[in-house]
**Q** 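Take this structure first; my questions come after.
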Amino acid sequence: MNKIKVLVTGAGALLGQGIIRSLKQSSFKIHIVGIDPSPLSAGLYWCDSSHIIPFANEPNYIDQIIKIIKDEKPDAILVGTDVELHLFAKHRKYFEENLGTKVLVSSKRVIDIADDKYRTFEFLKDKGFNYPESCLPGDEEKLIEKVGFPLIVKPRVGARSYGVHKVYDYEMLKKVIENEKGVLIQECVGNSINEYTASALVFNGVCEASIVMRRELRDGNTYRAFVENYENLNHKIRILGEALKPHGPVNFQFMLDESEIKVFEINSRFSGTTPLRAHAGFNEVELCLKQILFNESITQPEIKEITILRHWSETIINSNNLID
């Protein structure tokens, strides 16, 4: 296989670093280009070449990305932060047709559904899937009458556990709603031992492969994962993936409520658990690159039944060698 060059954004983010780690675990002969706004982003120092870029909300962001693409000529771009998804979706056609670089990113429709948890709820409801009953402030009385307490109040747009509150009575709910803006109120389903994260790889509306892991969280991130076959859950995840129709990877987070999947979050991208899946024989980064670069059909890998214990590590840089 010829050597390929892949550009990874968000080298300072858990997601971007997970993509880089998965690339390093792949079978590719590879040159990795890392980009990030901060020279203190550890992932930059794991790459073969690295660049400092503006933040995604700065007006010269896309111009700098185009310059780097012209200089580096990467075969593919993998997006490592949520805030960049819409930008790369908007410019994907230009990058691919004018610069010859494949961009693994879903459509605006898919990103919008995944970004907004109320739109996620509406999508699941419209497609006939199970979901935690949900509402926006103003309709909480009907939700309380239907499911009672406790309830979960969370930001409509957000990740991990930031701004998430578990409320046990009406007074507590009212106080949280008054203090937090842009929230969703949701049925509390399952428990901490029934939480799962799954990945599906979907191209042209067909789910080619999937993996399900049970997980335990710390500070909103997976720090223990338990990988098994989960044949029935994988079947349901594949149906979900084909209903959403992303371009490439999609991450579903769900509770198992009396054997029923109830999805509470969708990420229209790789996820923070991407490098963990690679240890189980499911290197979704490699599988997707083979599809978009070489038109190789994705075959469901054999999943290793393993337990993954996550921990901190360090990257040591000579202060004179910081990227500028």
Side-chain angles (χ1 to χ4, degrees), residues 15 18 22 104-107 109-111 113-115 117 119-132 134 159 186 189-217 221-222 224-288 291 297-308:
L15 172 58
S22 296
L104 188 65
V105 67
S106 287
S107 67
R109 179 192 70 86
V110 173
I111 297 168
I113 290 171
D115 274 0
K117 293 179 178 60
R119 294 188 69 168
T120 298
F121 159 71
E122 290 182 314
F123 162 77
L124 295 167
K125 185 177 181 180
D126 180 63
K127 297 296 183 180
F129 296 112
N130 294 310
Y131 51 84
S134 307
Q186 198 165 72
V189 297
N191 54 56
S192 60
I193 64 170
N194 285 325
E195 182 163 341
Y196 294 77
T197 180
S199 177
L201 306 183
V202 183
F203 288 95
N204 300 314
V206 178
C207 182
E208 307 285 1
S210 66
I211 183 173
V212 174
M213 303 190 302
R214 186 171 68 82
R215 69 175 184 170
E216 295 178 4
L217 297 178
N221 292 310
T222 302
R224 291 175 185 156
F226 309 89
V227 189
E228 297 179 25
N229 184 28
Y230 297 122
E231 183 176 352
N232 184 48
L233 298 181
N234 271 287
H235 175 70
K236 294 178 179 179
I237 288 301
R238 287 175 176 237
I239 294 172
L240 272 164
E242 292 186 352
L244 184 62
K245 294 180 173 58
H247 177 65
V250 60
N251 168 240
F252 296 103
Q253 298 176 17
F254 64 90
M255 292 290 188
L256 199 58
D257 189 33
E258 296 182 356
S259 79
E260 293 295 336
I261 283 179
K262 290 192 174 181
V263 173
F264 59 86
E265 184 167 323
I266 300 175
N267 294 301
S268 58
R269 50 166 172 73
F270 295 118
S271 75
T273 44
T274 287
L276 308 190
R277 298 186 186 107
H279 290 299
F282 192 90
N283 192 327
E284 56 192 315
V285 174
E286 178 176 8
L287 291 170
C288 287
Q291 167 72 30
S297 298
I298 293 175
T299 302
Q300 173 67 45
E302 183 177 348
I303 302 301
K304 301 173 187 177
E305 297 195 358
I306 57 175
T307 295
I308 302 169

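What you see is a predicted model, and the numbers here were worked out from it, not measured in a lab. Note that these values count all heavy atoms, side chains included, but never hydrogens, waters or copies made by symmetry.
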**Q** With a 4.5 Å limit on heavy-atom distance, are the side chains of Val227 and Ile306 in contact?
**A** yes
**Q** Main chain of Val250, side chain of Asn267: is a donor-acceptor contact present, judged purely on distance under 3.5 Å?
**A** no
**Q** Testing the basics here: between Phe282 and Ser199, what is the closest heavy-atom pair and its distance to 0.1 Å?
**A**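 Closest approach of Phe282 to Ser199: CE2-OG, 4.2 Å.
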**Q** Any donor-acceptor pair under 3.5 Å linking the side chain of Ser134 with the backbone of Pro132?
**A** yes
**Q** Kindly indicate whether the side chain of Asn130, heavy atoms from C-beta on, has any atom under 4.5 Å from the side chain of Phe254.
**A**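 Not in contact.
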**Q** Is the shortest side-chain heavy-atom distance between Thr307 and Arg224 below 4.5 Å?
**A** no
**Q** If you round to the nearest 0.5 Å, how far is CD of Glu258 from CG of Asn194?
**A**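 Rounded to the nearest 0.5 Å, the CG-CD separation comes to 10.0 Å.
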**Q** If only side-chain N and O atoms count, and only distance matters, is there a donor-acceptor pair under 3.5 Å linking Thr197 with Gln253?
**A**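 Gln253 vs Thr197: no donor-acceptor pair found between side chains.
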**Q** Applying side chain to side chain contact (heavy atoms under 4.5 Å, CB included), name anything that partners Ser259, two or more places apart in sequence or on another chain.
**A**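 Per chain and number, Ser259 pairs via side chain to side chain contact (heavy atoms under 4.5 Å, CB included) with no residue.
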**Q** Side chains of residues 203-214: which donor-acceptor partners sit under 3.5 Å, not counting sequence neighbours?
**A**
from	atom 1	to	atom 2	distance (Å)
Ser210	OG	Asn234	OD1	2.7
Ser210	OG	Arg238	NE	3.2

**Q** Nearest 0.5 angstrom please: Glu284 CD to Ile298 CD1, how far?
**A** 10.0 Å
**Q** Kindly give the heavy-atom pair with the smallest separation between Phe264 and Glu195, and that separation in Å.
**A** CZ-OE2, 3.4 Å
**Q** Only one of Leu233, Ile239, Ile237 clears side-chain contact (heavy atoms from CB on, under 4.5 Å) with His235; which?
**A** Ile239
**Q** Can you find a heavy atom in the side chain of Ser268 that is under 4.5 Å from one in the side chain of Leu244?
**A** no
**Q** Distance check, rounded to the nearest 0.5 Å: Arg109 atom CZ versus Phe123 atom CZ?
**A**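 Going from CZ on Arg109 over to CZ on Phe123, the span is 7.0 Å.
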**Q** Hey, does Leu287 have a side-chain heavy atom less than 4.5 Å from the side chain of Asn283?
**A** no
**Q** Could you grab the distance from atom CD1 of Ile266 to atom CG of Asn251, nearest 0.5 Å is fine?
**A**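 Output value for this atom pair is 9.5 Å.
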**Q** In sequence, state the C-alpha distance, the side-chain angles, and the governing distance for Ile308 and Thr222, and then conclude on side-chain contact (heavy atoms from CB on, under 4.5 Å).
**A** CA-CA 10 Å; Ile308 302 169; Thr222 302; over 6 Å; no
**Q** Atom CG in Leu276, atom NE2 in His279: separation rounded to 0.5 Å?
**A**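 One gets 6.5 Å once the value is rounded to the nearest 0.5 Å.
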**Q** With a 3.5 Å cut-off and no angle check, do the side chains of Arg277 and Ser22 form a donor-acceptor pair?
**A**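 Note: Arg277 and Ser22 side chains miss the donor-acceptor criterion.
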**Q** Closest heavy-atom contact between Pro301 and Gly281?
**A** CB-O, 3.2 Å
**Q** Please report the interatomic distance CZ(Phe129) to CZ(Phe252), rounded to the nearest 0.5 Å.
**A** 8.0 Å
**Q** Using atom types as modelled and distance alone, determine if a side-chain donor or acceptor of Lys245 lies under 3.5 Å from a backbone N or O of Glu242.
**A** yes
